[in-house]
Amino acid sequence: MTKCEPCELCSTSGDVIIQSAEWRVILVDDAHYPGFCRVIWTAHVQEMSDLSVSERTMLMNVVWQVELAIREVMRPHKINLASFGNMVPHLHWHVIPRFTDDMHFPNPIWGQVERSVNPGIQQRQLLIPALRSAIVHRLTED
């Protein structure tokens, strides 16, 4: 484990959808990207290789289940998965539904804006309660 000062991801703040002792899934507050989730490893580590094989497997299973829930409920054109940690060196994954009419498509959401109008955004906002339920269901199935 990397010894670092606690960071903003160490706190349990944010819109937590579901959590365990090892991880939590939050809904990111981004008005332009409804359904954008972050899967955060609870312990303050920087890299996937800081985890044991079983912990890596557990974390990636959570990422895949969140991805599947987003695909099922929101029906995006594409899912973007990213684990950077350049600005906040605490292991986390971004799970981002992408649509051909979103502001940055086909660029990453941190890239150049391609359009200022996103006609489907209100419809996507309405899917958030169903997305929450789908994520909880997928991560609590036996």
Side-chain touch R98/I79, heavy atoms, less than 4.5 angstrom: no
From I96 CD1 over to L81 CG, what is the distance, rounded to the nearest 0.5 angstrom? 8.5 Å
So do R38 and W93 actually touch side chain to side chain, heavy atoms under 4.5 Å? no
Pairwise side-chain contact, W64 with V62, heavy-atom cut-off 4.5 Å (strictly under): no
Which pairs with one or both residues in residues 73-97 pass salt bridge (charged side-chain N to carboxylate O under 4.0 Å, His left out), sequence neighbours excluded? none
Hydrophobic clusters here meaning ILVMFWY residues chained together by side-chain heavy-atom distances under 4.5 Å, can you tell me if M74 and L68 are in one? no
Roughly how far, to the nearest 0.5 Å, is the CD atom of E67 from the CE atom of M60? 9.0 Å
Taking the side chain as every heavy atom from C-beta outward, state whether P34 and L127 have any atom pair closer than 4.5 Å. no
For S116 and M103, run side-chain contact (heavy atoms from CB on, under 4.5 Å): C-alpha distance rounded to whole Å, both residues' side-chain angles, the deciding distance at 0.1 Å, then the answer. CA-CA 6 Å; S116 61; M103 290 178 63; 5.6 Å; no
Spacing of NE2 belonging to H32 relative to CG belonging to N118, to within rounding of 0.5 Å: 8.5 Å
Has the side chain of Q125 got a donor or acceptor atom that lies under 3.5 Å from a matching backbone atom of Q122? no
Contact summary for G35 and I128, nearest pair of heavy atoms: N-CD1, 3.3 Å
Qualifying salt bridge (charged side-chain N to carboxylate O under 4.0 Å, His left out) pairs with a residue from residues 115-140, counting only residues at least two apart or across chains: D15-R132, E72-R138, D101-R124
Side chains of L51 and L91, heavy atoms from C-beta outward: is any pair under 4.5 Å? yes
Apply the test side-chain contact (heavy atoms from CB on, under 4.5 Å) to residues V25 and W23: give CA-CA distance (whole Å), side-chain angles for both, the deciding distance (0.1 Å), then the verdict. CA-CA 7 Å; V25 177; W23 51 264; 4.0 Å; yes
Go through it in stages, so that I can follow the logic: the residues are H90 and V45, the test is side-chain contact (heavy atoms from CB on, under 4.5 Å), and I'd like the CA-CA distance, side-chain angles, deciding distance and then a yes or no. CA-CA 5 Å; H90 182 134; V45 299; over 6 Å; no
Between E8 and V88, is any pair of side-chain heavy atoms under 4.5 Å apart? yes
With sequence neighbours excluded, what pairs up with H137 under the ring-ring contact (aromatic ring centres under 6.0 Å, His included) test? none
Under 4.5 Å between side-chain heavy atoms, counting indirect links through other Ile/Leu/Val/Met/Phe/Trp/Tyr residues: same cluster for L9 and V16 or not? yes
Which distance, rounded to the nearest 0.5 Å, do you find between the CD1 of I121 and the CG of L126? 11.5 Å
Between H44 and C10, which heavy-atom pair has the shortest distance, and what is it? ND1-SG, 3.1 Å
How many angstroms lie between atom CD of E114 and atom OG1 of T100, to the nearest 0.5 angstrom? 12.5 Å
Ignoring hydrogens, what is the shortest heavy-atom contact between F99 and P97? Give both atom names and the distance. CE1-CB, 3.9 Å
From T140 OG1 over to I135 CD1, what is the distance, rounded to the nearest 0.5 angstrom? 11.5 Å
Are I26 and I17 packed together at the side-chain level, in the sense that at least one heavy-atom pair is separated by less than 4.5 angstrom? no
Minimum heavy-atom separation for T42 and S20, please, with both atom names. OG1-O, 4.2 Å
Side chains of V39 and V95 in contact at under 4.5 Å (non-hydrogen atoms): yes
I'd like to check the ring-ring contact (aromatic ring centres under 6.0 Å, His included) partners of Y33; sequence neighbours left out, ordered by chain and number. H104
Distance-minimising heavy-atom pair for C37 and V28: C-CG2, 4.0 Å
Suppose we screen for ring-ring contact (aromatic ring centres under 6.0 Å, His included). Which residues come up paired with H94, at least two apart in sequence or across chains? F36, H92, W110
Any salt bridge (charged side-chain N to carboxylate O under 4.0 Å, His left out) involving residues 16-36? Give me the pairs, sequence neighbours left out, ordered by first then second residue. none
